Amino acid sequence: MPATGAAWIVRMPSKTFELVDSATGKKSSLPVRSGTIGPDVLDIATLNRDHDVFTFDPGFMATASTESRITYIDGDKGVLLYRGYPIEQLAEKSSFIEVAYLLLNGELPDKKQLAEFTANISRHTMINESLLRMFNGFHFNAHPMAMVSGIVASMSAFYHDSMDINNPRHREIFAHRIIAKLPTISAAAYKHSLGQPFVYPRNDLDYCANLLHMFYAVPCEPYDVDPLAAQALDLLLILHADHEQNASTSTVRLAGSTGANPYAAISAGVSALWGPAHGGANEAVLEMLESIGTADNIPKFLAKVKDKASNVRLMGFGHRVYKNFDPRAKIIREMCHKVLAKMGRGDNPLLELGERLEEIALKDDYFISRKLYPNVDFYSGIIYSALGIPRSMFTVMFAVARTAGWVAHWQEMISDPSYKIGRPRQLYTGPARREYTDIARR
Ligand code: CMC
């Protein structure tokens, strides 16, 4: 049907929307779909076919890009559920490996399933020596996210022929490989930046202890992993493991929807995560706190944040979905105190400054009226620093955790027989058709 000007939508009690074309009077209806919980969605898939119009929603402010069974967020109430389980319960009782299993498989594992999954992940921790040599192609001060993204993309060269995305067993092996190798790749990036020898994984250690071992051990002396550090890191990874259709996960889905090699799709996710509006915020928060310096500078800094011309944002504050406390921020804030106290660094000036900044911002009308609250990254950098993780590696840690979510979403998409290539449309505002002018006449 051709475009006939304005149309309007009327909500019907029977969970359909009726669309009336104001020019022709023609009516049609759009189905409203309900999830298990959360707001209904209006299914507009037939809108263009029947009415020759598209919807316009830059930044996906009001668009559900897919149906998913993995993670649920209620941004108004500050609720986050992985496969139905509240993040608070998982943070208190679970482990990152168990959470990764849950995200991938939909259910918590029993003892045997967990042991098998853990063994499968441990078995895949080494990376090909040729991949390791690729690090030498990077300058020593390359940002680790650039190295991680590059190396993960290169994994597609090593596992291309053996990767049939339509084969469930291949997909499972891919999931184990990428989750297992991300810590190894991240540690190699760190060691390369230091000029230290690469430290091989130890499969007798658990996921986070092994990660810390690869970061901090050197071949010339023994290294004992601090169990508290491993436990704190494990908790951080649980909190960052998934967050429904965020920018990097949507990137992985979009890249993967073309049938691309999944390592290349994960690499696209790493790149999307890097930006300061997304995973790069943890690094930016520490830079911000250091630049503020002391609590007396907070009002001056907040004045700059409120001045739109300055382009300065209060990093670690605000979220597209949460219009209330980010539940992960609450957990991290508490953990910050525990970890720093146990490590004998209870009087951390950056933590004190962060808390003061949070307190002042939460009473400020600018932040109150815009419903801006601390997000997961407001405090995570402070814990990472306490664990001795360098600032440039913070977002890499986020990538290690989020890999579990990315893979779960990629799996969910590819195993759905009705999945389609992601292909948004646009509102074209460029020149209409015009004729080519010869260069002599321009
Ligand atoms: N500082 C100052 N003003 C802010 C901030 C902030 N951190 N966040 C949002 N605003 C203002 C923004 O200027 C706008 O004001 P106005 O209505 O007057 O134009 C209003 O709040 C709405 O902001 P928006 O940019 O339209 O909101 P968004 O949903 O597009 O952006 C965000 C979400 C996370 C990108 C943004 O809040 C932000 O830049 N925060 C700082 C970066 C950050 O901490 N990112 C980590 C997000 S959590 C981890 C993750 O998921 O990766």
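In this text, all values refer to a predicted model and were calculated from it rather than measured experimentally. Indexing begins at 1, ligand by ligand and atom by atom, following the structure's order.
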Student: Would you mind listing which atoms of ligand 1 come within a distance below 4.0 Å of any non-hydrogen atom of Gly279?
Tutor: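 Answer, ordered by atom number: 52 (O).
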Student: Yes or no on ring pair (Phe, Tyr, Trp, His ring centres under 6.0 Å) for His243 and His409, after CA distance, side-chain angles and deciding distance?
Tutor: CA-CA 10 Å; His243 215 224; His409 282 269; over 10 Å; no
Student: With the threshold set at under 4.0 angstrom, would you say Pro276 reaches ligand 1 through any of its heavy atoms?
Tutor: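 It does, in that a heavy atom of Pro276 comes within the 4.0 Å cut-off of ligand 1.
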Student: If we count only non-hydrogen protein atoms and require a distance under 4.0 Å, does atom 22 (C) of ligand 1 qualify as touching the protein?
Tutor: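 Protein heavy atom within 4.0 Å of atom 22 (C) of ligand 1: absent.
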Student: Any N or O on Phe317 sitting closer than 3.5 Å to an N or O of ligand 1?
Tutor: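 Right, the criterion is met.
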Student: Report yes if some N/O of Arg370 lies less than 3.5 Å from some N/O of ligand 1; otherwise report no.
Tutor: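 Arg370 vs ligand 1: N/O contact under 3.5 Å present.
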Student: Could you list which atoms of ligand 1 come closer than 4.0 Å to a heavy atom of Gly316?
Tutor: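 So the answer, numbered in order with elements, is 43 (C), 44 (O).
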Student: Starting from atom 42 (C) of ligand 1, locate the nearest protein heavy atom and write down its residue, its atom name and how far away it is, to 0.1 Å.
Tutor: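 Result: Met315 CE, 3.5 Å.
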Student: Closest non-hydrogen protein atom to atom 34 (C) of ligand 1, residue and atom name please, with distance?
Tutor: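 Of every protein heavy atom, Gly318 O, 3.7 Å lies nearest to atom 34 (C) of ligand 1.
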Student: Does Arg356 come within less than 4.0 Å of Glu352, counting only side-chain N to carboxylate O?
Tutor: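 Looking at Glu352 together with Arg356, the answer is no, because their closest N to O distance does not fall below 4.0 Å.
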Student: Compare Arg320, Lys306, His319, Met61 and give the one whose heavy atom is closest to atom 30 (O) of ligand 1.
Tutor: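 Nearest heavy atom to atom 30 (O) of ligand 1 lies in Arg320.
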Student: If the threshold is 4.0 Å, N to carboxylate O, is there a salt bridge linking Lys371 and Asp76?
Tutor: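 A salt bridge is absent here (no side-chain N lies under 4.0 Å from a carboxylate O).
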Student: Can you confirm whether Tyr379 sits close enough to Val285 that some side-chain heavy atom of one is under 4.5 Å from a side-chain heavy atom of the other?
Tutor: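 Result no, sub-4.5 Å side-chain heavy-atom pair not found.
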Student: Using the six-membered ring wherever Trp is involved, compare the ring planes of Phe117 and Tyr101 and label them parallel, tilted or perpendicular (cut-offs 30° and 60°).
Tutor: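 Geometry flag for Tyr101 against Phe117: perpendicular rings.
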Student: Going by heavy-atom distance to atom 49 (C) of ligand 1, choose the closest among Asp377, Val285, Leu302.
Tutor: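 Nearest option to atom 49 (C) of ligand 1, by heavy atoms: Asp377.
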Student: With a distance cut-off below 6.0 Å to the six-membered ring centre and an angular limit of 45° from the axis, does Arg370 pair with Tyr366 as a cation-pi contact?
Tutor: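 Judged by the rule, Arg370 and Tyr366 form a cation-pi pair.
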Student: Would a search of protein heavy atoms around atom 27 (O) of ligand 1 find one under 4.0 Å away?
Tutor: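 So far as the 4.0 Å threshold goes, atom 27 (O) of ligand 1 is out of reach of every protein heavy atom.
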Student: If you count heavy atoms of other groups shown closer than 6.0 angstrom to CD of Glu67, is the number above 12?
Tutor: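 Check fails, neighbour count at 12 or below.
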Student: Side chain to side chain donor-acceptor pair (under 3.5 Å) for Thr184 and Thr125? Distances and angles first, verdict last.
Tutor: CA-CA 7 Å; Thr184 315; Thr125 50; 5.3 Å; no
Student: Please could you name the atoms of ligand 1 that Val376 approaches to less than 4.0 Å, counting only its heavy atoms?
Tutor: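 Near Val376, the atoms of ligand 1 are 49 (C).
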Student: More than 12 heavy atoms of other residues, nucleotides or ligands under 6.0 Å from NZ of Lys330: yes or no?
Tutor: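 Result for NZ/Lys330: open.
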Student: Which is closest to atom 6 (C) of ligand 1 by heavy-atom distance: Val321, Leu314, Val312?
Tutor: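 Nearest heavy atom to atom 6 (C) of ligand 1 lies in Leu314.
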Student: Is any N or O atom of Ala277, backbone or side chain, closer than 3.5 Å to an N or O atom of ligand 1?
Tutor: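 Yes.
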Student: Test ring pair (Phe, Tyr, Trp, His ring centres under 6.0 Å) on Tyr322 and Tyr373 and set out the steps.
Tutor: CA-CA 8 Å; Tyr322 294 118; Tyr373 291 88; 9.8 Å; no
Student: Using modelled atom types and a 3.5 Å cut-off, is there a donor and acceptor pairing between side-chain atoms of Ser250 and backbone atoms of Gln245?
Tutor: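 It does hold such a pair.
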Student: Out of curiosity, is Val305 lining ligand 1, as in a heavy atom under 4.0 Å away?
Tutor: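 So Val305 counts as touching ligand 1.
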Student: Determine, using heavy atoms of Tyr366 and all atoms of ligand 1, whether some pair is separated by less than 4.0 Å.
Tutor: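 A heavy atom of Tyr366 does come that close to ligand 1.
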Student: Verify whether the ring centers belonging to Tyr159 and His170 lie closer than 6.0 Å.
Tutor: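 No, too far apart.
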Student: Of the side chain and backbone of Leu372, name the one, both, or neither that has a heavy atom under 4.0 Å from an atom of ligand 1.
Tutor: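 The answer is the side chain.
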Student: Residue-level breakdown please: for Arg313 versus ligand 1, do any non-hydrogen atoms fall below 4.0 Å on the side chain, on the backbone, on both, or on neither?
Tutor: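 Contact part for Arg313 vs ligand 1: both backbone and side chain.
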Student: State whether the shortest distance between N or O atoms of Asn375 and N or O atoms of ligand 1 falls below 3.5 angstrom.
Tutor: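 The answer is yes, given that Asn375 and ligand 1 share an N or O pair closer than 3.5 Å.
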Student: Under a 4.0 angstrom heavy-atom cut-off, which atoms of ligand 1 come close to Ala281?
Tutor: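 Numbered from 1, ligand 1 contributes 43 (C), 44 (O), 45 (N), 46 (C).
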Student: Compute the minimum heavy-atom distance from Lys308 to ligand 1 and say whether it is under 4.0 Å.
Tutor: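 Heavy atoms of Lys308 do come under 4.0 Å of ligand 1.
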Student: Distance-only, no hydrogens or angles: does the Arg202 side chain make a donor-acceptor pair with backbone N or O of His213 under 3.5 Å?
Tutor: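 No, because the side chain of Arg202 does not come within donor-acceptor range (under 3.5 Å) of the backbone of His213.
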Student: Can you tell me the protein heavy atom closest to atom 52 (O) of ligand 1 and the distance?
Tutor: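 Nearest protein contact, heavy atoms only, for atom 52 (O) of ligand 1 is His278 ND1, 2.5 Å.
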